[in-house]
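Residue numbers count from 1 along this sequence. This one's a predicted model, so the numbers in the text were calculated from it and none came from an experiment.
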Amino acid sequence: MDVRLNAWVRGRVQGVGFRWWTRARALELGLVGSASNRPDGRVEVVAEGPREKCEELLNALRSGETPGHVESVGEQWTDARGDLNGFVER
């Protein structure tokens, strides 16, 4: 069963290629969703797919291997809605 992960990434994550990097990781994992800059400086990541693949993406966001500098990542898990196609940067 697919799940939806909403993750909020705080740190120096805007203007450093973070959304592009996140999109590349998500596509490698076969996930759909988006990575969006938020007005408060965070990046919001929405991803749907198998829970194990979403957990891999979450671990990547926390890995220290991202562009910029991640201070913290908040997460919320819900059932997949099935309304996403591809993985886009916003």
Looking only at heavy atoms, which two atoms of F87 and A35 are closest? And how far apart? CE2-N, 3.8 Å
Residues forming a salt bridge (charged side-chain N to carboxylate O under 4.0 Å, His left out) with E28, sequence neighbours excluded: R25
All N/O donor-acceptor pairs, side-chain side in residues 46-55, below 3.5 Å, sequence neighbours left out:
{"from": "E48", "atom 1": "OE1", "to": "G82", "atom 2": "N", "distance (Å)": "3.0"}
{"from": "E48", "atom 1": "OE2", "to": "R4", "atom 2": "NE", "distance (Å)": "2.7"}
{"from": "E48", "atom 1": "OE2", "to": "R4", "atom 2": "NH2", "distance (Å)": "2.9"}
{"from": "E48", "atom 1": "OE2", "to": "R81", "atom 2": "N", "distance (Å)": "2.8"}
{"from": "R51", "atom 1": "NE", "to": "E55", "atom 2": "OE2", "distance (Å)": "2.8"}

Got a sec, which residues hit side chain to side chain contact (heavy atoms under 4.5 Å, CB included) with R42, two or more places apart in sequence or on another chain? W8, R10, R38, D40
Would you list the atom pairs, donor with acceptor, under 3.5 Å between side chains in residues 65-75 and any protein atom, with sequence neighbours excluded?
{"from": "E75", "atom 1": "OE1", "to": "R62", "atom 2": "NH1", "distance (Å)": "3.0"}
{"from": "E75", "atom 1": "OE1", "to": "R62", "atom 2": "NH2", "distance (Å)": "2.8"}
{"from": "E75", "atom 1": "OE2", "to": "W77", "atom 2": "NE1", "distance (Å)": "2.6"}

If you apply the rule side chain to side chain contact (heavy atoms under 4.5 Å, CB included), what do you find for T22 with V43, and how did you get there? CA-CA 10 Å; T22 300; V43 169; 5.7 Å; no
Cluster check L58, W21: I/L/V/M/F/W/Y, side chain < 4.5 angstrom: yes
Does any part of the side chain of R23, heavy atoms only, come nearer than 4.5 Å to the side chain of V88, both counted from C-beta? no
Give the minimum heavy-atom separation between F18 and V13, together with the two atoms involved. CB-O, 3.2 Å
Sorted by chain and number, sequence neighbours left out, side-chain hydrogen bond (donor to acceptor under 3.5 Å, both in side chains) with D79 holds for none
Is it the case that one hydrophobic cluster holds both L29 and V32, taking links as side-chain heavy atoms less than 4.5 Å apart, direct or via other members? no
Gap separating the CG atom of L84 from the CG atom of D2, nearest 0.5 angstrom: 10.5 Å
